[in-house]
Amino acid sequence: MLGLVTVGESQAATVFSENFDSLVLGPNEDEVVAEANAFTHTPPAGWNIVNNLPGEGSGDGIGVTEWEGWSFADRDWWSSVDDQLRSTFTNASGTIAVADPDEWDDIGDPESLGTYNTFLSTGPISVTGFGAGVLNLGFDSSWRDEGNQRVNITVSYDGAPAIEVMRWTSTAGPNFHNDAPNEAVEIGLNNPAGANSAVITFGMEDAVNNWWWAIDNLVVFTPVILEVDVQSGAMTLQGDAGLALTGYEVSSTGGSLNAAGWLQGNLDALGVGNATQPAADLRNNGSVDQADLGILEGAFGSSGTGDTDGDGDTDGHDFLRWQGSFGDDSAPGSTWQTFLATNEQLIEAYLLGSSTFASDQSIGTGYNTALDARDLAFTYTTDSGESKVGVVQYVNTASPVTAIPEPSTLCLLAMTCLAIALRRV
């Protein structure tokens, strides 16, 4: 379904989303697999399709009607027509958008007449109020490469000439993208400061009897922003009440972090999180100690004050539990914990929980203002186990600077390991 909102540049938020499930599908026409709700060529309201295909359109005997340019089809029906790995697009569900020159070519030999070119454009998406470079596009994708077939994504801001933000080719080169029939994709949209609207176009070009590109679950969003004050060194996670964070990393190739300042004010130092107390910590002071034994002795056989095993009374079982956990502290990982603190890398994570920040959250003075290299990379993990690249925004400069650097291999590996640890706990 379609969603349009306008939010301030300091928020991490969903700006636009579309999953195509609200479209009304009709019966199959040329395909032999019968389905009452198979496909439509009618896009969502405000969207547009431009085709450059051999022949003149439906009913001309050239190309399979269902796949003449971008189509919207039931995912399961699409894969049942001729699977060839189409059924592996399991990230998608319901109705998907499909450019499928492989299936289109099955009637009338259209490849002998020319190539398959089709372009699907959104309606105008409101992007008012966002800082330069903070918008990302995420979508689920099914792609198989072959021949000269290529696809791209362009964006036009406020009616200006479109800029290309993604290109995949089937031939060797810097844009070659190998078969990926079930992939989650995120790309930056390079939005300029002051833009009010954006039109995103998905193109399939120069295909003949090749394979396909299908997409679903489109979302334009701002990732979490790390705000860095270049005057004070303060670092702040911008608030997002709808996103649960389980870990983050800030890295600098030039050593321009201030580990000592970060350690004094990060989430670990602030005690953020809900600590899990040991069952035998009867005083709720974070540890099992001798004073808890006094409570056990006073309640033994007479009340449940010393209950450590949840059965409502105080008996020998409770004493044994206290004895076995003597000296234990709050469960490790039940609050935010520091994992690494150097001037090149800062990492902390919440292994047994997550935190949402409805308002901006300080994480200490972790930036070295003396160096002021502005080379930071910021990644984070969510409670769904996803690792994402965030935005670094430098403030109190002569002119605000926003950076979305490519994460290093080490940075991605560290965040992947954190995500795996989160799933295993």
Would you mind writing out the side-chain donor-acceptor pairs for residues 183-190 within the sub-3.5 Å range, not counting sequence neighbours?
{"residue": "E183", "atom": "OE1", "partner": "H177", "partner atom": "NE2", "Å": "2.9"}
{"residue": "E186", "atom": "OE2", "partner": "K388", "partner atom": "NZ", "Å": "2.5"}

Just distance, no hydrogens or angles: give the donor-acceptor pairs under 3.5 Å from side chains in residues 196-204, sequence neighbours left out.
{"residue": "N196", "atom": "OD1", "partner": "T128", "partner atom": "OG1", "Å": "3.2"}
{"residue": "S197", "atom": "OG", "partner": "D158", "partner atom": "OD1", "Å": "3.3"}
{"residue": "T201", "atom": "OG1", "partner": "S121", "partner atom": "OG", "Å": "2.6"}

Can you list the steps and then say if N19 with S17 is a side chain to side chain donor-acceptor pair (under 3.5 Å)?
CA-CA 7 Å; N19 64 13; S17 63; over 6 Å; no
For L85 and R144: C-alpha separation, side-chain torsions, deciding distance, then whether side-chain contact (heavy atoms from CB on, under 4.5 Å) applies.
CA-CA 9 Å; L85 298 183; R144 292 199 67 186; 3.9 Å; yes
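If you check the side chains of S170 and N210, you find no donor sitting under 3.5 Å from an acceptor. N37 and D74 form no side-chain donor-acceptor contact under 3.5 Å, judged by distance and modelled atom types alone. With no hydrogens or angles considered, a side-chain donor-acceptor pair links D318 and T308 at under 3.5 Å. A donor-acceptor pair shorter than 3.5 Å cannot be found between the side chains of E249 and S251. Counting only N and O atoms by type, the side chains of D375 and S256 include a donor and acceptor under 3.5 Å apart. For the residue pair N182 and T90, a side-chain donor N or O sits within less than 3.5 Å of a side-chain acceptor on the partner. With no hydrogens or angles considered, no side-chain donor-acceptor pair links N51 and Y116 at under 3.5 Å. Defined by atom type and a distance below 3.5 Å, a donor-acceptor pair is missing between the side-chain atoms of N152 and T154. The closest side-chain donor-acceptor pair between S142 and W212 falls under 3.5 angstrom. Side-chain contact annotation: E103 with W78, donor-acceptor N/O pair under 3.5 Å absent.
When side chains are defined from C-beta on, T115 does not count as touching E205, because their heavy atoms never get closer than 4.5 Å. Contact of the T40 side chain with the F20 side chain is not registered, since no non-hydrogen atoms from C-beta on lie closer than 4.5 Å. Contact check for W336 versus I363: no side-chain heavy atoms found under the 4.5 Å cut-off.
For E344, the side-chain contact (heavy atoms from CB on, under 4.5 Å) criterion is met by T342, not counting sequence neighbours. With sequence neighbours left out, the side-chain contact (heavy atoms from CB on, under 4.5 Å) criterion links A260 to N258. When the salt bridge (Lys or Arg N to Asp or Glu O under 4.0 Å) test is applied to D206, the partners found at least two apart in sequence or on another chain are R150. For the side-chain contact (heavy atoms from CB on, under 4.5 Å) test, residues two or more places apart in sequence or in another chain that qualify with D30 are V64, T65, E66, I107. Judged as a salt bridge (Lys or Arg N to Asp or Glu O under 4.0 Å), and not counting sequence neighbours, D309 has no contacts. Taking the side chain to side chain donor-acceptor pair (under 3.5 Å) definition, one finds that D109 meets it with S112, sequence neighbours left out. Scored by the side chain to side chain donor-acceptor pair (under 3.5 Å) test, S141 finds W213 as partners (sequence neighbours excluded). For D76, there are no salt bridge (Lys or Arg N to Asp or Glu O under 4.0 Å) partners, not counting sequence neighbours. In this view, S362 satisfies the side-chain contact (heavy atoms from CB on, under 4.5 Å) rule with no residue, not counting sequence neighbours. Judged as a side chain to side chain donor-acceptor pair (under 3.5 Å), and not counting sequence neighbours, T356 has no contacts.
Between W67 and F39, the ring planes are tilted. Angles from 30° to 60° get that label.
By the neighbour-count criterion of 12 heavy atoms within 6.0 Å, atom CG of N148 is sparsely surrounded, having that number or fewer from other residues, nucleotides or ligands.
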